[in-house]
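Structure first, then comments.
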Amino acid sequence: MNACVRARKLLSRYIDKEARDMDTAFIEAHVAGCPSCKKELRELSCVRELLLRKERRALPEGELARRMLRQILYEKSGRQDFSMVGMGYLARRLIFLPAIAIVLSAAFLILIPQQTNRYSWEEHVLSGAPTTTAMALGLILGTRV
Amino acid sequence: MTDDAFYIERFLDGEEKAFEAIVRKYQNRVLNIVFSLIGKDRESEDIAQEAFLKVYRSLKSFRRRCSFSTWLYRIVINTAYDFLRKRKDVVTQDEALGQSADVSGGREDVLSALLIKEKEALIQKALGKVPLAYRAAVVLKDIEGLSYGEISKVLGCRIGTVESRIYRARQLLRKELMKSRGDVI
C-alpha cells in the first residue's frame, strides 16, 4: 500500500488519539517527510479543534424534565398538551389550518346562498337549466339554488 | 452499579422521580447532539424532549446489551434522523445567526459577540452540508466525545466505518469552511 494512502487511512484515529502505538509511529515518521500529508493532518486537526470549541447549548437546570413531566401528566390524564411549547414542529405550523378552514366555510355559507338563492331546487330541475358546481354544493349543504 | 443503572432500577420499581434525574443528567448532552445535527434551537429542544419521551415509554424494554447512554444516543440520533427526513432542509446562515444572540454590553462586546456568532453560524452551516451519516459520526466524536467503539455501537456499524465517516466528514467540513470563509480555518 502506498505510504500516503496508509497514512491518510489512519489520520482520523491519530488525530483522535485512538491510533495504536505502531500506527502513531508510522504517521509521525511519514508526515515528517511528506508535506502533503502534513498539510492534511494540520487542516483536519484544525477542523476538529473548531468542533471541540463549538458553542454548547444549555437549558436551565431541569427544564426538559419539567416539560416532560407536564407532557406525561397530560397523556396520563387522557388529554393532549395544547401549549405551544409542548407541541411538535409540525403541529405548531398546522394549528392555523382549522382556523382557516372555519373562516372559509363561514364565508362559503354566507356568500353562496346570497348568490344563488333565487328559486327552489325542484323549480331548478323542472326548468332544465344547467347545474353549476356551486349549485351542487348548495344542494349538499341544504340551501336553495 | 453506575448512576444510570441505579436510577433505571428505581424507575422500574415505580419511582417516577428517578427518571427526572436521568433527564437532568443528559439534557444538555442530548440537546447539543441534536442541535449539531439539525442546527435549529427550538426544534432541537422539541426533538430532545421527544427522544426522552421515547426512552421513558420504552425503558422497560431496555435489555442492557449496551450501556444506557449508548441506547439513549441511538434513540436521539434516530429521532433527529426522522425529523430531518421529514423536513429535508439545511440550516441557513441567517437562521443560525439569528439564534440566541445576546449582545448586551459595550460596543466591543457586541462586535466580538457578533464575530463569535458568525463563526458559530458558519460552522453550523458547514455541518448542515455534510451527509447525515458522516455528520452523526463526527458530532458524536467531537461534540459528545465518544470513543470510536461507542460510536460504532450507537450507529450500528463497524469501527472501520466510523473511522472513515469521521475522516470524510472532516474533509467535507474543511471544504465547506474554506469555501464560505477562509478565515474560519
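The chains referred to below are lettered A, B, ... by the order of the sequence lines, with proteins before strands, and numbering in each begins at 1.
Of all heavy-atom pairs spanning A:Met68 and B:Tyr56, the tightest one is CE-CB, 4.1 Å. Nearest heavy atom pair, residue A:Leu59 against residue B:Asn28, reads N-OD1, 2.9 Å. In plain terms, the two heavy atoms of A:Ala65 and B:Gln27 that are nearest each other are N-OE1, 4.4 Å.
Within residues 63-74 of chain B, no residue approaches chain A closer than 4.5 Å by heavy atoms. Within residues 159-166 of chain B, the residues having any heavy atom closer than 4.5 Å to a heavy atom of chain A are B:Ile159, B:Glu163, B:Ile166, listed by residue number.
The hydrophobic clustering, which links ILVMFWY residues whose side-chain heavy atoms are closer than 4.5 Å, places B:Met178 and A:Leu11 apart. There is a path of hydrophobic side-chain contacts, each under 4.5 Å, that joins B:Leu146 to B:Val130. Residues A:Leu52 and A:Leu44 are members of separate hydrophobic clusters, defined by side-chain heavy-atom contacts under 4.5 angstrom among Ile, Leu, Val, Met, Phe, Trp and Tyr. At a threshold of 4.5 Å between side-chain heavy atoms, the hydrophobic network of Ile, Leu, Val, Met, Phe, Trp and Tyr places B:Val154 and B:Tyr26 in one connected group. Note: the hydrophobic cluster containing B:Val55 also contains B:Leu12 (ILVMFWY, side chain heavy atoms under 4.5 Å, direct or indirect links).
Of the listed residues A:Arg8, A:Arg13, A:Glu61, the one with more heavy-atom pairs under 4.5 angstrom with chain B than any other is A:Arg13. No other option in B:Ile22, B:Leu127, B:Asn32, B:Val138 has as many heavy-atom pairs under 4.5 Å with chain A as B:Asn32.
From A:Arg56, atom CZ reaches atom CD of B:Glu144 across 8.5 Å, with rounding to the nearest 0.5 Å. Remark: A:Asp16 CG to B:Asp142 CG distance equals 6.0 Å, nearest 0.5 Å. Interatomic distance, SG of A:Cys46 versus CG of B:Leu173, reported as 11.5 Å (0.5 Å rounding). Rounding to the nearest 0.5 Å places NZ of A:Lys17 at 15.0 Å from OG of B:Ser147. We find the CZ-CG distance between A:Arg67 and B:Leu53 to be 11.5 Å, quoted to the nearest 0.5 Å. For the atom pair CG of A:Leu50 and NZ of B:Lys119, the computed distance is 5.5 Å after rounding to the nearest 0.5 Å.
Counted within 6.0 Å of CG on A:Asp21, heavy atoms from surrounding residues, nucleotides or ligands total 12 or fewer; the atom is thus considered open. For B:Lys175, the NZ atom counts as loosely surrounded, since its 6.0 Å shell holds 12 or fewer non-hydrogen atoms of other residues, nucleotides or ligands. Remark: B:Tyr134 OH is loosely packed, at most 12 non-hydrogen atoms of other residues, nucleotides or ligands lying under 6.0 Å away.
No side-chain heavy atom of A:Leu51 sits less than 4.5 Å from a side-chain heavy atom of B:Val139. Annotation: side chain of B:Leu31 is not in contact with side chain of A:Leu64 (no heavy-atom distance under 4.5 Å). A:Lys54 is listed as a side-chain neighbour of B:Gln124, based on a closest heavy-atom distance under 4.5 Å. Between B:Arg170 and A:Ile15, some side-chain heavy-atom pair lies under the 4.5 Å cut-off.
Remark: A:Glu40 pairs with B:Tyr167, B:Gln171, B:Arg174 by the side-chain hydrogen bond (donor to acceptor under 3.5 Å, both in side chains) rule, at least two apart or across chains. For the side-chain hydrogen bond (donor to acceptor under 3.5 Å, both in side chains) test, no residue two or more places apart in sequence or in another chain qualifies with B:Asn78.
Neither the backbone nor the side chain of B:Glu50 comes within less than 4.5 Å of any heavy atom of chain A. Heavy atoms closer than 4.5 Å to chain A are found nowhere in B:Arg29, neither backbone nor side chain. For B:Ile47, no part sits under 4.5 Å from any heavy atom of chain A, backbone or side chain.
Salt bridge B:Lys141/A:Glu18: present, at least one basic N to carboxylate O contact under 4.0 Å.
At distances below 3.5 Å, not a single donor-acceptor pair connects side-chain atoms of A:Arg57 with backbone N or O atoms of B:Ile33.
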